[in-house]
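Because only heavy atoms are used, hydrogens play no part in the values below, and waters and symmetry mates are left out as well, while side chains stay in. Worth saying up front: this structure is predicted, and the values here are computed from it rather than measured.
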Amino acid sequence: MVDALGVAVVGFGWMGRVHTQAYARVRHHYPQLPLRPELVAVAEEVPGRAEEAAERFGFASATRDWREVAADPRVRAVSITAPNFLHREIAVAMAEAGKHLWIEKPVGLTGADARAVADAVAGAGVQGTVGFNYRNAPAVEAARDLIASGEIGTVTHVRIRLFSDYAAHPDGALTWRYERERGGSGVLGDLASHGADLARFLLGEIASLTADTAIFVPERARPTGATAGHALASGGAPGPVENEDYVGCLLRFVSGARGVLEACRVSVGEQNSYGFEVHGTRGAVFWDFRRMNELAVSRGTTYQDQPVSTVYVGPGDGEFGAFQPGAANAMGYDDLKVIEAYRFLRSIAEGRPCGTTPADAVHSAAVLDAMVASAANGTWVSLPAS
């Protein structure tokens with residue numbers, strides 16, 4: 001018996017489309033799932049965009065006001081893909097209305113916002129999933145298992161990088177992403193939040209950190225109309241960029257391992273250069289998002305001049321088997337969001353968390369808050385104990 005589950009999407013930019021497409025695909029890959037998502041409502045404040053989404057993807061209704069979604073009894077689960085400054089208000093209202101939440105990171109602008117959402121989800125007894133999609137890559141899950149098994153020995157240090165060029169063009173429009181009040185801490189919330197989550201997912205809790213931040217493109221042109229994605233806006237009135245283009249951070253883990261986390265949104269020549277390098281006392285494991293289905297692994301007992309082998313993930317790794325029948329068949333970014341949708345729907349069906357949760361967002365937000373504080377005062381900042 002498969003039950004229909006009314007779902008809604010609030011905010012219909014690129015990520016709203018990704019969530020919608022994941023709902024459409026999820027039961028193709030997971031036919032055993034006891035829930036069938038039905039696209040009930042879409043909300044988007046930009047005139048005409050919700051109606052266009054409804055026509056294109058088959059939502060039953062469209063609105064410019066997300067509050068109508070909160071009041072809609074047909075809706076049991078909501079994807080929140082609106083801008084960061086709206087995360088807290090929308091998420092808390094949806095949870096209090098009894099809706100399950102699939103919300104994009106960073107879940108607000110601060111740690112306080114993330115905690116408010118986590119508390120609302122827990123208080124309402126609904127399920128919550130957060131969009132830390134890179135941990136869903138089968139290769140990342142395989143790397144975590146490899147590290148936990150001790151095959152590379154005791155982890156000594158890690159380097160995590162998230163470099164992109166989406167904001168490198170000097171004519172990039174001055175959207176909400178570049179404002180402190182609406183976009184929060186810039187590249188910290190956008191990219192470094194993923195890095196903080198990956199660090200904890202792979203190596204455990206972070207004890208302390210010290211960080212440095214910078215704005216490399218200090219001024220941008222204001223857009224003259226609605227924007228989507230990372231549009232250009234040459235010729236508009238100039239305005240200041242208020243939040244960070246770059247962050248570099250040194251980490252100390254509770255385990256004693258050391259780390260470097262670096263993120264930048266204005267890296268010319270770098271397109272989605274995300275990945276990590278984890279070194280241990282007997283080996284190492286490396287992952288590059290642009291070669292998402294591969295790991296580079298060094299293990300053995302030779303230590304010096306020990307070779308590195310390429311390992312292709314396969315059906316035994318993470319959720320790979322739901323997509324491909326054999327190793328080295330490629331998966332892509334959207335597949336990670338299908339996995340996320342599956343884990344969200346499974347959590348609703350089973351009444352227990354499956355995958356990332358608002359509590360994970362709270363941990364990531366605490367790291368971002370510590371980065372901001374460290375960059376401001378130039379000192380090491382301790383993270384709260386879990």
Side-chain angles (χ1 to χ4, degrees), residues 13-15 18 81 83-85 87 103-111 113-114 130-137 140 158-169 172-173 175-180 182-203 206 209-217 220 229-230 241-251 259-277 287-292 333 336-337 340 356 360-372 374-375:
W14 167 64
M15 188 54 69
V18 172
T81 55
N84 298 353
F85 68 97
H87 285 184
I103 183 170
E104 276 305 312
K105 55 84 207 166
V107 189
L109 303 180
T110 64
D113 286 350
V130 178
F132 289 123
N133 45 269
Y134 299 110
R135 65 153 70 184
N136 296 324
V140 173
V158 60
R159 185 166 74 97
I160 298 172
R161 73 182 188 286
L162 296 110
F163 295 152
S164 186
D165 64 353
Y166 70 79
H169 201 296
T175 65
W176 61 267
R177 293 181 182 277
Y178 304 101
E179 299 175 4
R180 182 72 64 183
R182 298 196 297 165
S185 54
V187 76
L188 277 70
D190 193 15
L191 296 181
S193 58
H194 282 298
D197 182 67
L198 283 174
R200 180 169 169 264
F201 183 71
L202 294 169
L203 302 183
I206 298 168
L209 61 80
T210 185
D212 182 39
T213 62
I215 297 173
F216 295 135
V217 182
R220 296 180 181 274
H230 306 290
V241 172
E242 299 174 350
N243 54 27
E244 303 84 352
D245 289 328
Y246 169 87
V247 60
C249 185
L250 298 178
L251 306 170
V260 176
L261 192 163
E262 199 174 13
C264 185
R265 64 189 181 188
V266 296
S267 298
V268 175
E270 298 276 18
Q271 295 86 38
N272 300 324
S273 179
Y274 310 151
F276 55 75
E277 305 156 11
W287 179 70
D288 187 328
F289 169 64
R290 297 167 300 181
R291 304 177 71 92
M292 192 178 83
Y333 175 88
L336 302 184
K337 303 306 279 191
E340 208 165 274
T356 55
D360 294 310
V362 171
H363 284 284
S364 176
V367 173
L368 303 187
D369 285 352
M371 288 180 182
V372 171
S374 175

(request) Take Trp14 and Tyr333 through the ring pair (Phe, Tyr, Trp, His ring centres under 6.0 Å) test and state the conclusion after the steps. (result) CA-CA 13 Å; Trp14 167 64; Tyr333 175 88; 5.6 Å; yes
(request) Kindly indicate, with the supporting measurements, whether the criterion side chain to side chain contact (heavy atoms under 4.5 Å, CB included) is fulfilled by Gln271 and Asp165. (result) CA-CA 6 Å; Gln271 295 86 38; Asp165 64 353; 3.2 Å; yes
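Annotation: the span from Phe216 atom CZ to Ser267 atom OG amounts to 8.5 Å, rounded to 0.5 Å. Taking CZ of Phe276 as the start and CG of Leu202 as the end, the distance is 4.5 Å to the nearest 0.5 Å. Separating the CG atom in Leu188 from the CG atom in Leu368 is a distance of 5.5 Å, to the nearest 0.5 Å. Atom CZ of residue Arg177 and atom OH of residue Tyr166 lie 6.5 Å apart, to the nearest 0.5 angstrom. Distance SG/Cys249 to CD/Glu262: 10.5 Å, rounded to 0.5 Å. The CH2 atom of Trp287 lies 10.5 Å from the CD1 atom of Ile160; values are rounded to the nearest 0.5 Å.
Judged as a salt bridge (Lys or Arg N to Asp or Glu O under 4.0 Å), and not counting sequence neighbours, the contacts of Arg265 are Asp245. Residues satisfying the salt bridge (Lys or Arg N to Asp or Glu O under 4.0 Å) criterion with Arg161, sequence neighbours excluded, are Asp288. The salt bridge (Lys or Arg N to Asp or Glu O under 4.0 Å) test applied to Glu242 returns no partner, not counting sequence neighbours. Checked against side-chain hydrogen bond (donor to acceptor under 3.5 Å, both in side chains), Asp212 has no partners two or more places apart in sequence or in another chain. Qualifying side-chain hydrogen bond (donor to acceptor under 3.5 Å, both in side chains) partners for Thr213, counting only residues two or more places apart in sequence or in other chains: none. Under the rule for a salt bridge (Lys or Arg N to Asp or Glu O under 4.0 Å), the partners of Glu104 that lie at least two apart in sequence or sit in another chain are Lys337.
Side-chain contact between Val367 and Arg200 is absent, with no heavy atoms from C-beta onward closer than 4.5 Å. The closest side-chain heavy-atom distance from Tyr246 to Val266 is not below 4.5 Å. In this structure the side chain of Val260 reaches within 4.5 angstrom of the side chain of Leu250, judged on heavy atoms. Inter-residue side-chain proximity for Leu191 and Tyr274 is flagged as met; some heavy-atom pair is nearer than 4.5 Å.
Between Met292 and Ala137, the closest heavy-atom pair is CG-CB, 4.2 Å. Counting all heavy atoms, side chain and backbone alike, Tyr178 lies closest to Ala167 at OH-CB, 3.2 Å. Nearest heavy-atom pair across Val268 and Ala168 is CG2-CB, 3.8 Å. For the residue pair Ser273 and Arg290, the shortest heavy atom distance occurs at OG-NH2, 3.4 Å. The minimum heavy-atom distance linking Lys105 with Ser193 is given by the pair CD-OG, 3.3 Å. Across all non-hydrogen atoms, the minimal contact from Val247 to Val187 is N-CG1, 4.1 Å.
Checked by atom type, the side-chain pair Asn133/Glu340 shows no donor-acceptor distance below 3.5 Å.
Heavy-atom neighbours of Arg180 CZ from other residues, nucleotides or ligands within 6.0 Å: above the threshold of 12. Open room surrounds CZ on Arg159; 12 or fewer heavy atoms of other groups in view lie less than 6.0 Å from it.
By the 4.0 Å N-to-carboxylate-O rule, Arg135 lies close enough to Asp360 to be salt-bridged with it.
Without hydrogens or angle criteria, Thr356 side chain to Val130 main chain gives a donor-acceptor distance under 3.5 Å. With hydrogens and angles disregarded, a donor-acceptor distance shorter than 3.5 Å links the side chain of Arg220 to the backbone of His169.
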